[in-house]
Amino acid sequence: MITRFPPSRRRWAIWAAILSLGMAMASANSAWAAGGAHVVDDSEVETPGSCHVETSVARLQANAALAVISPACTPELLPNLELGFSAAYNATTGHTNLAIGPAIKWQLRSSSSGLGFAIDASLAWGSANHRIENASFIVPISVPLGEGLTANLDAGTVWARADVRAAGFLGAQLVWQERTDLGLMMETFDRTGGAVGVQSGVRWNPNPNTDFDLLVSHEFDGSAHANATVGLTKRF
């Protein structure tokens, strides 16, 4: 993606990875995030003819952690299509799971035209039960607000085998990056039947092909813990 703070934890952590591919993240059964470790995705795809690899490590709570790696490319012949794959390793006390799967982002309109929107779709197969565990279909919308400020809105549906049903997903994000090497992000997200989550953090760009993210998130589910995530994105 071009300007990404792109994906939170526990059930959201796995959703975040799914949404991003990859995308889109905060429970121990979760999925995946977009824009690096951000949960809320933007409408942009990788530069045609280029690729990126997003990685992140998150502490979900005292006894749980999530590690994600998500490579993706946009072919020169298909400049509006980003093809990705993600692997998310989730570990809690007495339980581990590796969720892997493909994701596609089809950009219908670039935010450089004033209003950008795209379609994200993804699947995730879990090693714990050897079956498809999660799927998502999300529409990201990006609205440039001027002075380095961009609003990203996500709406769609996510499915988890554990819930045996589809649920709605909504997310909103503000990204400010007027300086070329430093940006700020705040986002909130909600899954029908789940807890509302919030996440904020900083992104440092030492060069145009490298992003470092430091994020803190919290789910309003009655628990007292906060989640911390460190992310790295490399483009080539």
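Keep in mind it's a predicted model, so treat the numbers as computed, not measured.
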Taking every non-hydrogen atom, the tightest pair across Leu215 and Val202: CD2-N, 4.4 Å
Glu46 side-chain N/O to Ala72 backbone N/O, donor-acceptor pair under 3.5 Å: no
Nearest-0.5 Å distance, NE2 of residue His52 to OG1 of residue Thr233: 6.5 Å
Transitive ILVMFWY side-chain link Leu145 to Ile141, under 4.5 Å: yes
Point-to-point distance, once rounded to the nearest 0.5 Å, from CG of Leu184 to CG of Leu174: 11.0 Å
Within-4.5 Å side-chain heavy-atom neighbours: Arg235 and Thr210: no
Hydrophobic cluster identity match, Leu77 and Trp106, side-chain contacts under 4.5 Å: no
Side-chain heavy-atom pair Val45, Asn80 within 4.5 angstrom cut-off: no
Heavy-atom check, side chain of Cys73 versus side chain of Leu83, under 4.5 Å: no
Same cluster (ILVMFWY, side-chain, under 4.5 Å), Ile119 and Leu78: yes
Closest non-hydrogen atom pair between Ala128 and His95, with its separation: CB-CE1, 3.9 Å
Aromatic plane relationship, His130 with Trp125 - under 30° parallel, 30 to 60° tilted, over 60° perpendicular: tilted
Which atom of Thr157 lies closest to which atom of Ala166, heavy atoms considered: OG1-CB, 3.6 Å
Euclidean distance, Thr192 OG1 relative to Leu170 CG, rounded to 0.5 Å: 7.0 Å
Contact check, side chains of Val230 and Leu232, non-hydrogen atoms, under 4.5 Å: no
Residues Lys234, Asp211; criterion salt bridge (Lys or Arg N to Asp or Glu O under 4.0 Å); working and verdict: CA-CA 7 Å; Lys234 289 290 292 183; Asp211 300 339; over 6 Å; no
Non-hydrogen side-chain atoms of Thr229 and Gln199 separated by less than 4.5 Å: yes
Side chain to side chain contact (heavy atoms under 4.5 Å, CB included) evaluation trace for Asn134 with Leu123: CA-CA 6 Å; Asn134 302 305; Leu123 290 173; over 6 Å; no
Gap separating the CD atom of Glu82 from the CD atom of Glu44, nearest 0.5 angstrom: 10.0 Å
Evaluation steps, side chain to side chain donor-acceptor pair (under 3.5 Å), between Asp154 and Gln173: CA-CA 9 Å; Asp154 286 6; Gln173 180 189 77; over 6 Å; no
Nearest atoms (heavy-atom pairs only) where Lys105 meets Asp42: NZ-O, 2.8 Å
Test item: Asn207 side-chain N/O and Asn209 main-chain N/O as donor-acceptor pair under 3.5 Å: yes
Any donor-acceptor N/O pair, Arg191 side chain to Ala167 backbone, under 3.5 Å: no
Heavy-atom check, side chain of Phe236 versus side chain of Ser50, under 4.5 Å: no
Thr47 backbone acceptor or donor facing Thr74 side chain under 3.5 Å: no
Ser136 side chain vs Ala121 backbone, donor-acceptor pair below 3.5 Å: no
Validation row: Asp190, Phe169 side chains within 4.5 angstrom (heavy atoms): no
Residue pair Ser86 / Val68: nearest heavy atoms and the distance that separates them: OG-CG1, 3.6 Å
Connected via hydrophobic side-chain network under 4.5 Å: Val216 and Leu182: no
Expected output: side-chain Ser113 to main-chain Leu115 donor-acceptor under 3.5 Å: no
Atom pair OG/CD1 of Ser70 and Ile100 - distance to nearest 0.5 Å: 12.0 Å
Path from Val53 to Val57 over hydrophobic side-chain contacts below 4.5 Å: no
Point-to-point distance, once rounded to the nearest 0.5 Å, from CG of Leu66 to CG of Asn97: 10.0 Å
Any donor-acceptor N/O pair, Arg161 side chain to Ile132 backbone, under 3.5 Å: yes
Results of side chain to side chain contact (heavy atoms under 4.5 Å, CB included) for Pro144 - residues two or more places apart only: Ser111
Least distance between heavy atoms, Trp204 atom then Asp181 atom: CD1-O, 3.0 Å
